[in-house]
A.B. asks: 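Take a look at the following structure, please.
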Amino acid sequence: HRPPAGKDGFLATNSLLAFVTLMVRAYVSEFGGDNSSFGIEASNLQALLSDSRHWDEWKAQLQPLWKYPTTLVIHGPQARVGAIDLESKFTEAAVGNLQVADYRNFAHGRHHWLAKRSHESAVVAFVSPTDEELALRTLDLIPSDVPQVRLKLPGSPDSVMLTSLIAALRITGWAGEARDLDPGRPGVPDFGRKLYHLPLTKLLGRTRLTSLDDMDAVAIERKAGLSVERLQQQGTLGRWVESLAAFRRKLMVARFAGILLDYDGTLVDTRNRYSPPMEEVAAELRRLASSGAQIGVATGRGVSVRRDLRQCMPPELWSRVLIGYYNGADIGLLSEDHVPNAMQIPCDEVSAAARALRDQPELAEIADQTDRPNQITLEARWPALESRLWDLAQQTLLVAGARNLTIVRSSHSVDIMAPNASKLNLYRRLQAGENQRPLLAIGDRGRWPGNDYELLRTPFALSVDELNVDSTTCWNLAPRGQRGVAATLIYLRALAVEANLLKFDLAVTQ
């Protein structure tokens, strides 16, 4: 939807406010809140915006300050976004000299400006409920000959952040009006237009140091975890260049009987994991399956994957798709209704671990646990707790003595698997049916303890995200900035059919 205020001006105020509002709403929803709580915040903010007396009072309080050349804006953590934006607008529109400091930095040295230049400075303070005590004590210590205005920003931290941004927009307008400037149309000098349109020289420093093109450089940097400049300084860049070239040569000459793909984070974006693969990906899967290639899908999930894949694959192709449910513990064709096993009773190997995990009090608070015959799945209720979830699950299993189980991380969960569960089960099943011809494996969690670690250690493996340290396989060959499903789509489009087999065309990835 277009912002209700219409087209942006020079300072892009409408887009900025709309973007920040959407970000606040997303974070409120994701980290412990919900849309109803944001609705309350939005209603309070709307009431504040429509209160003309409130803004008239602020404008009148601030009016005397605009005769001073320098304005100091002091703020707390919640109002930081408004203070930073205010400095940006004052500078970009040449409204005036404005300095920004939070209360502690002001105390640690920024206050010295007032000691030497009090006669040409004024103070604007954003005061929110969480920092009101510190703010008032700080402001009371400023010499009385320095004019100051205290702007109280009511509400929750989320409300304060948005209110501070709106305040920045209003204050910029008032200051511009007092100084006979239009911040929305300040006029752009000729040299400014030339600066704006200066072309960027892509990777100038890199091309001077090495002869690598960007595709080589980004593939090596992802794999080695260091910049090519640093690798060159260490004297190891040549080894990585040779390893990448060897992998590409191997990939180009191979002819694959099929492909084996991870699901969440690879075929579907984690944010849309309850929907089928997007149409562009589904079209490529249909193309490859129609060519006679075998397609394997390895997932930590169960029947939901069968349901979603059936929505995007015609029934006549279901027999070409083999699914390894619950990380390869249960394998069946997309056409088979009785797979996966719908039992919820864990086998002997995981039952004790399931009890131990359920008895861990913190796990019970932060995660949902699902027990299946050969797998336990823990899903964090909030994404910020995923690392904590991993630590708790691993320690609980160690204390319980469940050392024969495998624990891995996916893009959305921690899975604890019985000894017989492995995505390699699906790999071996597919390869056995294709007379040992090579298979191409694609996943996103190739670094231990990712749930694609075993799969992406196979000879022909591509990652769309995390990589292991093996230089002979598990490379990410997607262009810079592409990851997840976008990278998967590039790989799928690079697969061409040749005599009922698949070959990988590297040129498509460039």
Side-chain angles (χ1 to χ4, degrees), residues 256-344 370 372-375 377 379 410-413 415 421-434 439-445 451-452 455 464 484-493 495 497 500 502:
F256 302 105
I259 55 172
L260 202 162
L261 304 111
D262 169 56
Y263 194 74
D264 292 307
T266 303
L267 279 178
V268 296
D269 191 290
T270 305
R271 296 165 296 182
N272 303 317
R273 58 185 298 261
Y274 296 111
S275 300
M278 64 181 187
E279 175 54 28
E280 294 89 339
V281 172
E284 292 302 313
L285 294 178
R286 293 192 296 267
R287 175 180 69 86
L288 296 174
S290 298
S291 74
Q294 185 70 55
I295 296 176
V297 177
T299 176
R301 289 203 270 156
V303 70
S304 62
V305 172
R306 185 186 72 197
R307 180 193 62 233
D308 290 346
L309 285 177
R310 284 184 172 183
Q311 290 186 44
C312 63
M313 300 287 284
E316 61 268 22
L317 296 179
W318 290 356
S319 62
R320 304 298 304 171
V321 181
L322 191 66
I323 305 176
Y325 303 97
Y326 307 131
N327 288 296
D330 206 350
I331 298 175
L333 293 170
L334 181 57
S335 58
E336 294 180 305
D337 293 327
H338 64 282
V339 183
N341 184 352
M343 290 174 54
Q344 296 299 310
T370 304
R372 298 185 175 94
N374 295 286
Q375 178 178 297
T377 297
E379 295 183 90
S410 72
S411 56
H412 66 279
S413 69
D415 293 332
S422 171
K423 289 187 176 181
L424 289 180
N425 293 341
L426 180 61
Y427 185 91
R428 298 186 187 104
R429 173 91 167 261
L430 277 174
Q431 197 171 53
E434 298 294 342
L439 299 172
L440 178 64
I442 302 174
D444 68 323
R445 290 295 183 104
N451 66 340
D452 295 323
L455 181 63
V464 299
V485 178
T488 301
L489 187 58
I490 292 170
Y491 295 157
L492 293 177
R493 286 173 173 168
L495 288 167
V497 180
N500 295 323
L502 303 178

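Residue numbers start at 1 and run along the sequence shown.
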A.B. asks: Could you check if a side-chain atom of D262 sits within less than 4.5 angstrom of a side-chain atom of K423, using non-hydrogen atoms only?
C.D. replies: yes
A.B. asks: Please name the pair of heavy atoms, one in L260 and one in A298, separated by the smallest distance, quoted to 0.1 Å.
C.D. replies: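 So the two residues come closest at CD2-CB, 3.7 Å.
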A.B. asks: With sequence neighbours excluded, what pairs up with F256 under the ring-ring contact (aromatic ring centres under 6.0 Å, His included) test?
C.D. replies: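 Result, ring-ring contact (aromatic ring centres under 6.0 Å, His included) vs F256: F460.
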A.B. asks: Run the side chain to side chain contact (heavy atoms under 4.5 Å, CB included) test against S422 and tell me which residues pass, sequence neighbours left out.
C.D. replies: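 Checked S422 against side chain to side chain contact (heavy atoms under 4.5 Å, CB included); matches are L424, N425, E454.
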A.B. asks: Any donor-acceptor pair under 3.5 Å linking the side chain of W318 with the backbone of L333?
C.D. replies: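 Judged by distance alone, no pair lies under 3.5 Å.
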A.B. asks: Between atom OG1 of T299 and atom CD1 of I323, what is the distance when rounded to the nearest 0.5 Å?
C.D. replies: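 Reported to 0.5 Å precision, the distance equals 8.5 Å.
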A.B. asks: Should D415 and R372 count as an ion pair when the cut-off is N to O under 4.0 Å?
C.D. replies: no
A.B. asks: If we only count heavy atoms from C-beta on, is the P277 to L309 side-chain gap below 4.5 Å?
C.D. replies: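 Yes; the side chains approach each other to less than 4.5 Å.
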A.B. asks: Specify the closest pair of heavy atoms between P276 and Q311, including all atoms of both residues, with the distance to one decimal.
C.D. replies: CG-OE1, 3.5 Å
A.B. asks: Might you point out which heavy atoms bring V339 and R306 nearest each other, and give the distance in Å?
C.D. replies: O-NH1, 2.7 Å
A.B. asks: Pair L285, L267 - check side chain to side chain contact (heavy atoms under 4.5 Å, CB included), show working.
C.D. replies: CA-CA 10 Å; L285 294 178; L267 279 178; 4.1 Å; yes
A.B. asks: Could you check whether any side-chain N or O of D444 sits under 3.5 Å from a backbone N or O of G484, counting only pairs where one atom can act as donor and the other as acceptor?
C.D. replies: no
A.B. asks: Salt bridge check, R301 against D264: does any charged N sit closer than 4.0 Å to a carboxylate O?
C.D. replies: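 Salt bridge between D264 and R301, a charged N being under 4.0 Å from a carboxylate O: yes.
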A.B. asks: Can you check whether S290's main-chain N or O pairs, donor with acceptor, with R320's side chain at less than 3.5 Å?
C.D. replies: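 No; zero donor-acceptor contacts below 3.5 Å.
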A.B. asks: Quick check: closest heavy atoms across S291 and L502, and the distance to 0.1 Å?
C.D. replies: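 Heavy atoms of S291 and L502 come nearest at OG-CD2, 4.0 Å.
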A.B. asks: Examine the side chains of Q375 and T377 and answer whether a donor and an acceptor come within less than 3.5 Å of each other.
C.D. replies: yes
A.B. asks: Any side-chain heavy-atom pair from L492 and L261 closer than 4.5 angstrom?
C.D. replies: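 SC-SC contact between L492 and L261 confirmed.
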A.B. asks: Are any of the side-chain nitrogens in E279 or R286 under 4.0 Å away from the carboxylate oxygens of its partner?
C.D. replies: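 Salt bridge present between E279 and R286.
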A.B. asks: Output, in order, the C-alpha distance, side-chain angles, deciding distance and verdict of side chain to side chain contact (heavy atoms under 4.5 Å, CB included) for V268 and D308.
C.D. replies: CA-CA 10 Å; V268 296; D308 290 346; over 6 Å; no
A.B. asks: Taking the side chain from T488 and the backbone from T266, do they hold a donor-acceptor pair closer than 3.5 Å?
C.D. replies: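 Between the backbone of T266 and the side chain of T488 there is a qualifying donor-acceptor contact (under 3.5 Å).
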A.B. asks: Quick one: list whatever passes salt bridge (charged side-chain N to carboxylate O under 4.0 Å, His left out) with R307, sequence neighbours left out.
C.D. replies: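 Result, salt bridge (charged side-chain N to carboxylate O under 4.0 Å, His left out) vs R307: none returned.
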A.B. asks: Of all the heavy-atom pairs spanning V303 and Y326, show the shortest one and how long it is.
C.D. replies: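 Where V303 meets Y326 most closely, the heavy atoms are N-OH, 4.5 Å.
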A.B. asks: Testing the basics here: between S413 and E379, what is the closest heavy-atom pair and its distance to 0.1 Å?
C.D. replies: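 For S413 versus E379, the nearest heavy atoms are CB-CG, 3.8 Å.
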A.B. asks: At what distance, to the nearest 0.5 angstrom, does CZ of R310 lie from OG of S335?
C.D. replies: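 That separation rounds to 7.0 Å.
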A.B. asks: Keeping the roles fixed (side chain from R445, backbone from N451), state whether a donor-acceptor pair exists under 3.5 Å.
C.D. replies: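 Checked: no pair found.
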A.B. asks: Can you check whether L426 reaches L322 side chain to side chain, under 4.5 Å on heavy atoms?
C.D. replies: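 Yes, their side chains come closer than 4.5 Å.
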A.B. asks: Walk me through whether N374 and D330 qualify under side chain to side chain contact (heavy atoms under 4.5 Å, CB included).
C.D. replies: CA-CA 9 Å; N374 295 286; D330 206 350; over 6 Å; no
